[in-house]
Amino acid sequence: MGNLCTCFSPKTPVKTKKPTKRLQGNPQTAPNSSNRWTRIRSTRKDNHDDLIHEQALAAAILFRQHQQQNGSASGSFPFDRSVSLRHPNGSGSKKTQLPRSSSSRARSLTDPLLQPHQLVNQDIKLDDLETNHFVLVHGGGFGAWCWYKTIALLEEGGFKVTAVDLTGSGIHSFDTNGITSLSQYVKPLTDFLDKLADGEKTILVGHDFGGACISYAMELFPHKVSKAIFVAAAMLTNGQSTLDMFSQKAAGSSDLMQQAQIFVYANGNNNPPTAINLDKSILRDLLFNQSPGKDVALASVSIRPIPFAPVLEKLSLSDLKYGTVRRFYIETPEDNAIPITLQESMINSSPPEKVFRLKGADHSPFFSKPQALHKLLVEISKIPST
């Protein structure tokens, strides 16, 4: 979300629109058409075409096996939430190989393609952890959809994962302009924690403005939070608002964020803004400068306005509640929305138990460095109590 609203003045009101219905994934037609195979056979010219045909036929067989394993007699199949390479662990057993990523982006050496057994330490015993339940909280304008790679990787490792849509975010139907407080915005998260069974704990993960949201929840339910992980997130101190924190940004360094901000005045120009839109033409440079193009495309049709009132609200955080939860911070050095200097300033103001740096990550490491982020989340889950 970045250096939000360091200054604002009434602008031409932006007419809000109801969020359009979005489709997840790109389901493909089952490759079982006889006509399709006829066309392939008719165009064979050389050994290269024979190889293509064999590969296509193998893909069709694997596709059918995947449908049968999932009990999909109708031909539909679950959406594969990870676009990273996912394949068997090399044990020799015959398992279905899931689709590869179609991204043409060269993969950084800091986030290599790894097999699931390399991503999750074989020695880890989930039953020995204080909790194996991750609760993922998105940032301003994002939704639960942004964690799709992280969800898939964690679930492959046997972890339990919950990703919430905060009020007016993701597929939550509430109008963002009607959000008047942080408690209202965070209600889906606090309701979830409130309904957890006594003694059940979670690992809260907050991104961007989600850092303020998990802090609010930690103050209310410290006994239900084992650890809190701030990922390029607003980690506030008592009496501080998200706007206060972002206003500390050095002069002249907020040009990109200021260019991206479009204030919405649903209550009229003479009243404070009700929400903030982000200029989609600047999204890539601001939030996704190291991320694959297809994830930028997903975000461009999924991001919703950021409610303004919660950004202004000062948090009340106590040592007896919030202060008892173990905190960890994951830095994103290539971040153009919350620069590394601002991240370090927050860390110095309220030092967490441990700080990790995700080399090469932009503001959205769940897109730009999904596997490296996953490894850090698992590593933090394993850190024992001191």
Could you measure the distance from the [atom1] atom of [X] to the [atom2] atom of [Y]? Nearest 0.5 Å is fine.
X: Ser226; Y: Asn132; atom1: OG; atom2: CG; answer: 10.5 Å
X: Gln261; Y: Leu256; atom1: CD; atom2: CG; answer: 10.0 Å
X: Thr162; Y: His133; atom1: OG1; atom2: NE2; answer: 3.0 Å
X: Tyr265; Y: Phe308; atom1: OH; atom2: CZ; answer: 7.5 Å
X: Thr180; Y: Glu313; atom1: OG1; atom2: CD; answer: 9.0 Å
X: Arg304; Y: Thr176; atom1: CZ; atom2: OG1; answer: 4.5 Å

TODO: Might you confirm whether atom CG of Asp319 has over 12 heavy atoms from other residues, nucleotides or ligands at distances under 6.0 Å?
DONE: no
TODO: Kindly state each residue pair satisfying side-chain hydrogen bond (donor to acceptor under 3.5 Å, both in side chains) with at least one member in residues 212-222, sequence neighbours excluded.
DONE: Glu219-Ser318
Task: Ser316 and Tyr322: CA distance, side-chain angles, deciding distance, side-chain contact (heavy atoms from CB on, under 4.5 Å) verdict - done: CA-CA 9 Å; Ser316 177; Tyr322 170 84; over 6 Å; no
TODO: Show the numbers, then the answer: is there a side-chain contact (heavy atoms from CB on, under 4.5 Å) between Glu331 and Glu344?
DONE: CA-CA 8 Å; Glu331 297 179 335; Glu344 291 175 342; 3.5 Å; yes
Could you tell me whether a side-chain N or O of [X] sits under 3.5 Å from a main-chain N or O of [Y], the two making a donor and an acceptor?
X: Arg327; Y: Pro351; answer: yes
X: Asp362; Y: Ser291; answer: yes
X: His138; Y: Leu166; answer: yes
X: Asp165; Y: Ala144; answer: yes
X: Asn277; Y: Ile262; answer: no

Open item on the list: Which residues pass the side chain to side chain donor-acceptor pair (under 3.5 Å) test with Ser183, not counting sequence neighbours?
Closed with: Ser181
Does a side-chain heavy-atom distance below 4.5 Å link [X] with [Y]?
X: Asp295; Y: Phe288; result: no
X: Met245; Y: Ser349; result: no
X: Met257; Y: Leu286; result: yes
X: Asp244; Y: Leu236; result: no
X: His207; Y: Trp147; result: yes
X: Phe366; Y: Phe142; result: yes
X: Ile303; Y: Lys280; result: no
X: Glu353; Y: Lys227; result: no

- [ ] Test side-chain contact (heavy atoms from CB on, under 4.5 Å) on Phe328 and Ile383 and set out the steps.
- [x] CA-CA 11 Å; Phe328 301 84; Ile383 299 176; 3.6 Å; yes
Could you tell me which non-hydrogen atom of [X] sits nearest to which non-hydrogen atom of [Y], and how far apart they are?
X: Thr242; Y: Ala234; answer: CG2-CB, 4.4 Å
X: Ile347; Y: Met235; answer: CA-CE, 4.0 Å
X: Ala212; Y: Leu315; answer: O-CD1, 3.9 Å
X: Tyr329; Y: Pro352; answer: CB-CG, 4.1 Å
X: Ile306; Y: Gly140; answer: CG1-C, 3.6 Å
X: Cys213; Y: Leu182; answer: SG-CD1, 4.4 Å

TODO: Any chance you could lay out the side-chain contact (heavy atoms from CB on, under 4.5 Å) test for Phe367 and Leu287, step after step, and finish with the verdict?
DONE: CA-CA 10 Å; Phe367 290 157; Leu287 305 176; over 6 Å; no
Task: side-chain hydrogen bond (donor to acceptor under 3.5 Å, both in side chains) partner of Thr332, chosen from Gln290, Gln343, Arg357, His363 - done: Gln343
Enumerate donor-acceptor pairs with a distance under 3.5 Å from any side-chain N or O in residues 193-202 to protein atoms, sequence neighbours excluded.
unit_1	atom_1	unit_2	atom_2	d
Lys201	NZ	Glu130	OE2	3.2
Thr202	OG1	Lys224	O	3.1

